[in-house]
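Letters A, B, ... mirror the listed sequences (proteins, then strands); counts begin at 1. The analysis underlying the following values was restricted to heavy atoms, covering all of them including side chains, and did not include hydrogens, waters or symmetry mates.
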Amino acid sequence: MLIARPDGIPMVCRSSSVVEKELGITKEDIGKKISIEDYNAACKKAVMRYTDVWNDMTRRIGFWLDLEKPYVTYHTKYIESVWHLLKKLYDDDLLYKGYTIQPYSPAAGTGLSSHELNQPGTYKPVKDTSVVAMFKVNKDHASEFLFKDAFGDVFILAWTTTPWTLPSNCALTIGPKLEYVRVKSFNPYTHEPQTMVLAKSRLSAYFNEKNENASFDEYKKDGKNIPWKVGGGFYGHQLEGIRYEQLLPYAQPEGGDAFKVIGGDFVTTEDGTGVVHTAPSFGADDMRVARQHGIGTLTLVDLQGRFTHEMGEYAGKYVKNEYYPTGQAPEKSVDVELSIKLKEMGRAFKVEKYEHNYPHCWRTDKPILYYPLDSWFVRTTAKKDRLIALNKTINWKPESTGTGRFGNWLENVQDWNLSRSRYWGIPLPIWRTEDGDEELCIGSLKQLKEEIARAVKAGVMKSDPYASFTPDDMSETNYDTIDIHRPYVDNIVLVSPSGKPMKRETDLIDVWFDSGAMPYAQWHYPFENKAAFKDSFPASFIAEGVDQTRGWFYTLHAIATLTQDSVAYKAVVSNGLVLDKVGQKMSKRLGNAVDPFKTLDEFGADAVRWYMISNASPWDNLKFDAEGITEVQRKFFRALFNTYNFFALYANIDGFDLQAPQVAESERTEMDRWILSRLNSLIAACDAAFGDYEPTIAARAVQDFVVEDLSNWYVRLNRRRFWKGEQGNDKNAAFQTLHRCLEVVAMLSAPVAPFFSDRLFRDLMGSSVHLSSWPKSNASAIDVELEQRTALAQKLTSLALSIRKKDSTRRSSPTSRSSAPEWASR
RNA sequence: UGUCCUGUAGCUCAGUUGGUUAGAGCGCUACACUGAUAAUGUAGAGGUCCGCAGUUCAAAUCUGCGCAGGACAACCA
């Protein structure tokens, strides 16, 4: 069973953002400028359009797919199967609602899962304004030791690449075991005397060695060559509990005791000052450590990525300039404005541009924020051991991807954030009371109908909007009568056991769940096709790009493990990428991408396929060079075509009879027996190679056989047998031998060159090669000794030609006698 | 920063469990052939097997440390 994706999941994923772009709207406008119905209809159309392109490519390149019955994730039946899986997870306590810091895309208005963040191209190098901010220490019993012969006020230095999070600062985190020092010096902007606390090992990053212990009196207040002096060291834990003045007091944190120094094990001294500015709302680590110490939170940014009304002069400004509509971004980002403000306040120690990799949303291409959100999670961490154990039973090609890349990923598996705040996708089938005390997960339309009936009876709904649907009727017409997408499904209000109304959680689920649910949902399992599902699950193998390691490979594996306690596939071929001929990744931006349709037009599908398969193993990156395709055409296909033409020419002249009885082996010449031995060896080699998911080895073996053995040696030396006038066993043997070779070559090359091989086979046999049985190697026809002897003869022939060449002996003049030393056989 | 892959002739790639002088195709150069079917043959030039160190009688191959390219991951304040 081959899993393939007839509708192309990534296209479905992207269709919504593509549609938004085409319609010239943003997510904000949905429900206002355009109704959700119209919007979803546009999305549906976009899917269809991509489907056509995909189908066209599939046919032309000869993918072996059932295009008549693609699975389509927006069909009601597909969604019902997904709901069934979700219900199963829910019943096993593997689905829960949680409040965590998550990657969030304000531009798309939705949270992102870890594997969405793991798509290629999400992390990009960006230049941000970074600030070393100065937090003023309150003098009290705990901090007294810092004030001993202090020089000006005492500050703790903390570095951030996201100055917009500084107003939401609630704590400072230090490493309890790290060494810290006090440094007396001057503020580089206000030139006031001040004492600063930072990690000892970070001194050299911020203070020039040659100015250490320089005269304070001689400082010219120009910010250059600032003298400094170390005023004593101590360990991080001595700082814990010290309180400081809020840096930017726009609003007060809630739910805790903020503005103190706390200890965290994640603090390092690789960057910054060894002190982490902690804004619990905008960092996963920050939230965790703040909870541990009861710090509370402050979230001064809204879901659109703008500062909230409390932020005074900054209220309403986007925290990243990228969030403004094109052309409307202010000259100074809030990061810059805040930095200037801090400089003026005397609370900035260093402001500079800092280049680092920052994650971007794959829908909008804009930077993401880390933001506190309510979300539904799949508790994959609970099944980590099974995920790992089952993975070990999968045959990965190449193996290292499974043990290395995928294995490491599973070792560090996180709970899967399923929630998406969007409109076009599969709705989460969970209904909740307003207080969240009662909830219900729906696993089928039948169950939904029953619950609707109860709700109507209880009076929370007037009527059943899905009245046209008949439970247990699996016909398409029945399923086509209803739509369980948003907004329709949002109109359903159910009733809780205690009689309260329950509304649907408004989230959609991660589209990757859709694709991972494919083995079940394509069959509408378990509502229909139980046998077909059982026959095809788990899949024998799947093939996809290695970049899908954390995408499709993972979601298939996770869902199968959690819901079936099984693998979803027994083997994986993870393809490498197609690079351009100098080894650069192809991209539209660089203009080095090859148009697949053009390439197919120019060379034909078989030459392209043969080139790609024979040139490099599927998992190795392929340096795509069109000259390689012409070489394949010249060498392999021309040799095969000419060999067939030679056969056909004389077979037609002589009226070769396919049905005639086979000439006995003893009646065939030694060379007949040799090529048939080579042929059966080839069958065995190809069988082993294909069986081990090594198509490259198989294709190369077939190519060598055709070019060297069959065309260049057998046909060349046996031409006279085909030419001669009289019929007879010898001539028949030649025809039958060559015919058999061509027949088998057609069969062996069918997986790689499906069109050429089919034509060849039809011409030879009158039927399709793709309906023929895979050839079996006949061990008794293999004569290893004969193959070795012939190899020797080939070598001697070449040597003889070489000698003739040296002696300038004409090739057409016969040689009466030649001899070779015995060592030539080695 | 981590994980994984790759590195052999100008190019694309082979190279088994370590074992004589490291191979093929293409390209290049030269010569011959046109009695090989729309397919020719022979020869030649071209290599620090990415580098260094180690194991070994023996390393392209095994080990370690690097370098370069690529993919993927990462809360990096």
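Within a 6.0 Å radius of NZ in K366(A), more than 12 heavy atoms belonging to other residues, nucleotides or ligands are found.
Both N645(A) and R634(A) lie near RNA chain B, and the one whose nearest nucleotide falls closer to the 5' end is R634(A). In terms of position along RNA chain B, the nucleotide closest to R700(A) lies nearer the 5' end than the nucleotide closest to the other residue of the pair R700(A) and G283(A).
Under the Watson-Crick or G-U wobble criterion, with both distances below 3.5 Å, rG25(B) is paired with rC11(B). Using the Watson-Crick or G-U wobble rule with both distances under 3.5 Å, rC4(B) pairs with rG70(B). Pair assignment for rA53(B): rU63(B), on the basis of Watson-Crick or G-U wobble contacts that are both within less than 3.5 Å. Nucleotide rG18(B): unpaired (no Watson-Crick or G-U wobble partner with both distances less than 3.5 Å).
In this model, the phosphate group of rC13(B) is approached by a side-chain N or O of N615(A) to a distance below 4.0 Å at OP1 or OP2. Between T160(A) and the phosphate of rA77(B), there is no side-chain N or O to OP1/OP2 separation shorter than 4.0 Å. When the side-chain nitrogen and oxygen atoms of N642(A) are compared with OP1 and OP2 of rA36(B), none of them lie within a distance under 4.0 Å. For the pair Y611(A) and rU12(B), the criterion of a side-chain N or O lying under 4.0 Å from OP1 or OP2 is not met.
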| task | Go through the steps for Y650(A) and F722(A) under the test ring pair (Phe, Tyr, Trp, His ring centres under 6.0 Å), then give the verdict. | result | CA-CA 7 Å; Y650(A) 296 103; F722(A) 296 88; 7.0 Å; no
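Of the C1' atoms belonging to rU29(B) and rG46(B), the separation is 11 Å, rounded to the nearest Å. Between rC11(B) and rG54(B), the distance separating the two P atoms is 31 Å to the nearest Å. Here the separation of rA60(B) from rU48(B), taken at their P atoms, is 14 Å to the nearest Å. For the P atoms, the distance linking rA9(B) with rA24(B) amounts to 14 Å, nearest Å. Annotation: rC67(B) and rC52(B) have their P atoms spaced 15 Å apart (nearest Å). Nucleotides rA43(B) and rG66(B) place their C1' atoms 42 Å apart, quoted to the nearest Å. Going from the C1' atom of rU63(B) to that of rG69(B) covers 24 Å, rounded to whole Å. Only the C1' atoms considered, rC65(B) is 30 Å distant from rG23(B), to the nearest whole Å.
One finds a salt bridge joining E694(A) and K397(A) here, because a Lys/Arg side-chain nitrogen approaches an Asp/Glu carboxylate oxygen to under 4.0 Å. Between R700(A) and D704(A) there is no salt bridge, since no side-chain N of the basic residue sits under 4.0 Å from a carboxylate O of the acidic one.
Atom pair Q703(A):CD and rC26(B):C1' shows a separation of 12 Å (rounding to whole Å applied). Remark: C1' of rC28(B) and CD of E627(A) are 14 Å apart, rounded to the nearest angstrom. When the C1' atom of rA77(B) is taken as reference, atom CD1 of I156(A) falls 15 Å away, rounded to whole Å. The nearest whole Å value for the distance from the CH2 atom in W409(A) to the P atom in rC72(B) is 13 Å. E631(A) places its CD atom 11 Å from the C1' atom of rC13(B), with the value rounded to the nearest Å. For the pair K635(A) NZ and rG27(B) P, the computed distance is 9 Å after rounding to whole Å. Atom CG of L410(A) and atom C1' of rU3(B) are 13 Å apart (whole Å). Rounded to whole Å, atom P of rU3(B) lies 19 Å from atom CH2 of W396(A).
There is a side-chain donor-acceptor pair under 3.5 Å between N391(A) and W396(A). Side-chain contact of Y611(A) with D606(A): a donor-acceptor pair under 3.5 Å is absent, judged by distance alone.
Ranking rA77(B), rG35(B), rG41(B) by closeness to the R720(A) side chain, first place goes to rG35(B). Closest contact between the side chain of V276(A) and the listed nucleotides rA77(B), rG41(B), rC13(B) involves rA77(B). Of the candidates rC76(B), rA14(B), rG25(B), the closest approach to any side-chain atom of P359(A) belongs to rC76(B). Relative to the side chain of W159(A), the nucleotides rC13(B), rA36(B), rA77(B) differ in distance, and rA77(B) lies closest. Checking rC76(B), rA77(B), rC26(B) against the side-chain heavy atoms of T161(A) singles out rA77(B) as nearest.
Residue-level contact check: R719(A) touches the bases, meaning some heavy atom is under 4.0 Å from a base atom. D704(A) comes within 4.0 angstrom of nothing in the nucleic acid, heavy atoms only. Within the nucleic acid shown, V715(A) comes within 4.0 Å of at least one base atom, counting heavy atoms only.
By the ring-ring contact (aromatic ring centres under 6.0 Å, His included) test, F705(A) pairs with no residue at all, sequence neighbours left out.
In this structure, W164(A) and F282(A) have perpendicular ring planes: the angle between them is above 60°, well past the 30° mark.
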